[in-house]
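Report on one structure; see the data block that follows.
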Amino acid sequence: MKDSQKKYCMIKYPKYKPSNVEWISDIPEHWVLDKTKRIFFESKSRNRNLEYREDDLLSVSEYYGVAKRAEKIDSNDLLSRAESLSEYKIVEEGDLVINIMLAWKKGLGSSNEKGIVSPSYCVYQLRSIEQDHRYFHYLYRTDLYAETFRRFSRGIIESRLRLYSEEFFNTLSLLPPPEEQTAIANFLDEKTAKIDSLIEKKQKLIDLLKEERTAIINQTVTKGINQNVKLKPSGIDWLGDIPEHWEVKKLKYVAELKSGESITSDNIRESDEFSVYGGNGLRGYTSSYTHIGEYILIGRQGALCGNINYASGKFFASEHAVVVTRINDEDILWLGELLRSMNLNQYSISAAQPGLSVERIQNLSIPYPPIDEQKEIGNYIDTETKRIDSSITKIEKEIELLQEYRTALISEVVTGKIDVRN
């Protein structure tokens, strides 16, 4: 933990008092606990005059709170008729918006702009203009309050839970003085912005590493490892030049492509002796197998048709996967990554359910290095991808720790464990 983080953890309020509430520990002496109904009232203003249009639609998410829907969702998904927006609820800047079905998963937040939300959401306004809506945004999105809202929600099963206004108003809210709410919000705005910026930079680094991995693989499977080798035209538009000593073959002379066997969902279980692979990878387990050995699997149907997976040992290949059986002991990693680089999805047949034609795929031409060189390429790809994946894993762990620190910092500050007034 950095020194700055340690410093925040050590700053406490001078005096605390018992909250007398089981799920809330001691609170700063000058803070109070109050019924939420004394802090907020429900706003039911509707967009009857159609003052707000499609561009003013707001969405509510457990990930980001409240934001312009157009910034988070494809514009093609927006409602097309303004008349359909007449019952949408009006949101003013500073209003708290709650998706009542996801309050227990932090599906809420205060809005930084005006707009409209779904009639099924609840909109609340602060009773006093002195209160800072940003503080309550941070407070209600803590794990502490997510669990509180879960307890107060109605529903037989978790997926059906709903936090109605009556129950929301009966919850207790931590209430620092208004000027302290602002100090807390300012502090958290600054610190979370810095953390989010750092996370974004690390995520961009991951994206760059993934691009590097893809570039290395594409270059290696189509041009080889030796960058100084003499090249010749391949005669394949997408491929360009290839090493002079390589051949060009149709895929059907390198591997046999055949769809897997039919299996019903009833025969796929969470645990059993053999893995079941479909077009998108592992689907579950079953009691029988169709293949034994090492194989490449190509997704045959759906939006992800053409994707590449690997399977080994004894396994069941379903009809949604095309099993690639190598003819001449070709290196599996070289061939699998070559197929991935070919973007086989582009050869799918347009229909309600996109699908690949095995006959079309097996007649595609591919570059073909000698078997020994294929194995060298496979080993090189394995080494490089492990190196890059190790770096990605390390950065992902750093991001996870930053997110955990962000969550903990917010919780500690809004519940009075840390004094940030100065």
Side-chain angles (χ1 to χ4, degrees), residues 1-11 57-75 91 93-99 102-115 117 121 131-147 149 174 176 180-212 388 391-422:
M1 185 177 289
K2 294 181 179 180
D3 291 342
S4 59
Q5 296 175 5
K6 291 179 181 177
K7 181 181 71 173
Y8 298 138
C9 293
M10 291 190 296
I11 301 174
L57 281 166
L58 302 175
S59 65
V60 183
S61 168
E62 61 188 281
Y63 303 107
Y64 52 78
V66 181
K68 284 280 191 182
R69 181 171 173 170
E71 296 173 359
K72 302 295 181 180
I73 301 175
D74 192 307
S75 59
V91 176
E93 184 177 348
D95 284 358
L96 176 70
V97 185
I98 298 181
N99 178 341
L102 293 176
W104 62 279
K105 289 188 69 178
K106 305 182 185 180
L108 55 87
S110 66
S111 180
N112 291 318
E113 53 196 329
K114 295 181 178 182
V117 292
Y121 294 171
Q131 311 285 5
D132 195 315
H133 69 93
R134 297 174 300 157
Y135 165 77
F136 296 98
H137 172 87
Y138 286 118
L139 179 69
Y140 293 152
R141 288 175 58 80
T142 60
D143 292 341
L144 179 67
Y145 271 85
E147 174 59 23
F149 294 149
L174 280 165
E180 198 166 333
Q181 294 174 24
T182 298
I184 289 171
N186 288 341
F187 174 85
L188 290 177
D189 282 351
E190 178 187 352
K191 298 306 172 186
T192 57
K194 288 181 179 179
I195 296 170
D196 292 343
S197 176
L198 186 54
I199 290 174
E200 184 179 358
K201 288 177 182 177
K202 289 183 178 294
Q203 188 58 59
K204 286 181 179 178
L205 182 55
I206 289 176
D207 294 339
L208 288 173
L209 285 168
K210 289 180 177 179
E211 290 176 10
E212 179 189 358
I388 294 172
S391 296
I392 290 174
T393 299
K394 180 181 177 182
I395 298 170
E396 287 175 338
K397 181 62 177 177
E398 292 171 355
I399 290 175
E400 182 182 344
L401 291 173
L402 282 168
Q403 290 171 332
E404 289 175 1
Y405 171 64
R406 185 186 192 278
T407 299
L409 179 65
I410 292 171
S411 181
E412 295 284 282
V413 172
V414 297
T415 58
K417 303 298 184 296
I418 302 174
D419 185 352
V420 299
R421 290 175 294 180
N422 297 318

Kindly say whether [Y] contributes a backbone atom to a donor-acceptor pair with the side chain of [X] at under 3.5 angstrom?
X      : Y      : answer
Thr192 : Leu188 : yes
Thr142 : Leu139 : yes
Thr407 : Gln403 : yes

Would you give the length of the straight line joining atom [atom1] of [X] to atom [atom2] of [Y], rounded to the nearest 0.5 angstrom?
X      : Y      : atom1 : atom2 : value
Glu212 : Leu205 : CD    : CG    : 9.5 Å
Leu174 : Gln181 : CG    : CD    : 10.5 Å
Phe187 : Asn422 : CZ    : CG    : 11.5 Å
Glu200 : Asp207 : CD    : CG    : 10.0 Å
Leu401 : Glu404 : CG    : CD    : 5.5 Å
Asp419 : Ile184 : CG    : CD1   : 8.5 Å

Closest approach of [X] to [Y] (non-hydrogen atoms, all atoms of both residues):
X      : Y      : result
Gly107 : Val60  : O-CG1, 3.4 Å
Ala185 : Tyr138 : O-CE1, 4.1 Å
Gln131 : Phe136 : CB-CE1, 4.0 Å
Arg421 : Ala183 : CA-CB, 4.4 Å
Ser111 : Val91  : CB-CG1, 3.7 Å

Inset, instruction - Might you confirm whether atom NZ of Lys114 has over 12 heavy atoms from other residues, nucleotides or ligands at distances under 6.0 Å? - result: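 Result for NZ/Lys114: open.
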Inset, instruction - Verify whether one side chain among Ser110 and Tyr140 offers a donor that lies under 3.5 Å from an acceptor in the other. - result: no
Legend entry - Check: Asn186/Arg134 side-chain N/O donor and acceptor closer than 3.5 Å: yes
Inset, instruction - Please determine if Lys106 and Asp143 form a salt bridge, counting it only when a charged side-chain N lies under 4.0 Å from a carboxylate O. - result: yes
